[in-house]
Amino acid sequence: MIGFSKVSKRYPGGFEALKDVSFSIAAGELTFVTGHSGAGKSTLFKLIAAIERATSGTVLVNGQNVGALRPAAIPFLRRNLGLVFQDQKLLYDRSVFDNVMLPLAFSDFSGREAARRARAALDKVGLLARERAHPMQLSGGEQQRLAIARAVVNRPAVLIADEPTANLDAGSAERIIALFLSFNQVGVTVLIATHDEQLIARHAARTLRLAAGGLEHDSAEGGE
Amino acid sequence: MNAWLRQHGRAIASAAAKISAQRTTNAVSALVIGIALALPAGGYALLSNLTGLAQRTSLEPQLSLYMLPETKSSESEALGKRLRADPRLAAVRFVPRDEALAAMRGTEALAEVFAALERNPLPDAFVLRALDSAPGALDVLAGEYRVLPGVAQVQIDSDWARRLEAVLRIARTGIFMLGALLGIALVAVTFNTIRLQVLTQRQEIEVTKLLGATDGFIRRPFFYLGAAQGLAGGVAALGIVWLSIESLNQGVRALAATYGSAFQLTHLAGADGVAVAALAAFLGWLGAFLSVSIHLREI
């Protein structure tokens, strides 16, 4: 589903965020990516979503070589990915419902079908009662759940989250992780970048540990 | 097809939302565009009026032939016979000096002047209409008649119309240049408004792009916005021109009445109006296209 092969990413200015990283994630797998801040978790996230391009190596998503995609093909790659951003990227000038409707605007669903899907996604994350509220009126945990509802409204095969539990209290964080687990249980490939080691320890899942841009440890290859 | 229509429907709805969110700004921009376009459009309307006037007159290939004042009427009659025999002339009308004087005395403005004269200063005259209306043919005729015995002067009556036409041709070029310049100004105005729109919606554009929106999806509402703004400006320009011609006409009618004419300025033809509006919409779209192409690349 997702494959990195000898991937390096050097930013303009010379900072090397990823060094020779290789791994492969099968369809339906749940994977944590961990490491200190600056270890390369966000860069990994950005390479999968084609927000950044690898300096060398190949990134495969759904069998497509992301680095070789024409710019016009990138939107269609992203539509098959559910992205949960570290800063959530909610639009604060519109309601909760309209935020979830956003990815449906450029899909081919009719208005009624789109609204139905948006409500289903809001229901899934427990925010259906707040569809008329504005994101500003939501708590941190609720905002994060709204971001997840928006990510899954197109029913993507892959869900990728960058630090989805940062700045959340333990209860809210656990609820967010439970949501991701429930999507994984219905067959969605889930990749969660987090620096929260305790959270990882509570869930038995494959873990990729990054350190200073290199893949330090892959729990799927044993060693623990 | 259905999906295509839906995408455009959503783009139009989104453009309408953007317009209503910034009603005042958009109205002011439309007004600026309207005033700028009203200049060439109004100039064009006035020009069409004058062109019509010149064309109506220049269609008559008419010559006036004036005899020397001392010419005897028998000599004039002899010339009249000769002229009537000329196959190149369609009509020959003899205006005896007495008749000319009577006509002048009948004219309100000149009656007093002519009443004061002791003797008739006017010569016998012929009003000739040629078959061939080409300016060259008229020049040949005038040259021939000028050297006939007893002829004082031959005047091509449509000369002034031809000169007017030449002047109008220059004016037309001027108006096209003005139109082109103000058209560029329109593109620039839309370019800037759309740039501001893109900047205000930077975050929204960024997020929709990350969620998988194509460039086309992001650009389309701005295109509609630019076209709508141009169209609104074009319609405003037509309104301004219409009002201006209406108010000018009050004066023009009064002036024409003193000449016993019912002349008045006509409004822009329907097709011209549609052309102005369509051109304005196109230029608005062009401004939006350039602006979006440049500024989206920065996001």
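Quick caveat, the model's predicted, so the values are computed rather than measured. Convention: sequence-line order gives letters A, B, ...; per-chain numbering from 1.
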Heavy atoms from other residues, nucleotides or ligands near CZ of B/F289 exceed 12 (cutoff 6.0 Å): no
Residue pairs passing the salt bridge (Lys or Arg N to Asp or Glu O under 4.0 Å) test where at least one lies in residues 219-241 of chain B, sequence neighbours excluded: none
Close contacts, residues 61-79 of chain A versus chain B, judged by heavy atoms under 4.5 Å: A/P75, A/F76, A/R78, A/R79
Minimum side-chain heavy-atom gap A/R155-A/F183 below 4.5 Å: no
B/F176 atom CZ, neighbour heavy-atom count above 12 within 6.0 Å: no
With A/K89 via salt bridge (Lys or Arg N to Asp or Glu O under 4.0 Å) - residues at least two apart: A/D87
Side-chain donor-acceptor contact under 3.5 Å, B/Y224 with B/S14: no
Neighbour count above 12 (heavy atom, 6.0 Å) for A/H36 NE2: no
A/D169 CG: over 12 foreign heavy atoms closer than 6.0 Å: yes
Ring centroid separation A/F97 to A/H134 under 6.0 Å: no
Residue A/A49 versus chain B: region with a heavy atom under 4.5 Å: neither
N-O pairing of A/E52 and A/K9 below 4.0 Å: yes
Best-contacting candidate, A/A50, A/S107, A/G111, against chain B by heavy atom pairs under 4.5 angstrom: A/S107
Within residues 201-208 of chain B, residues adjacent to chain A where the heavy-atom gap is under 4.5 Å: B/Q203, B/E204, B/E206, B/V207, B/T208
No-hydrogen, no-angle side-chain donor-acceptor test under 3.5 Å, B/Q197 and B/Q22: yes
Interchain contact, A/F109 with chain B, by part (heavy-atom threshold 4.5 Å): backbone
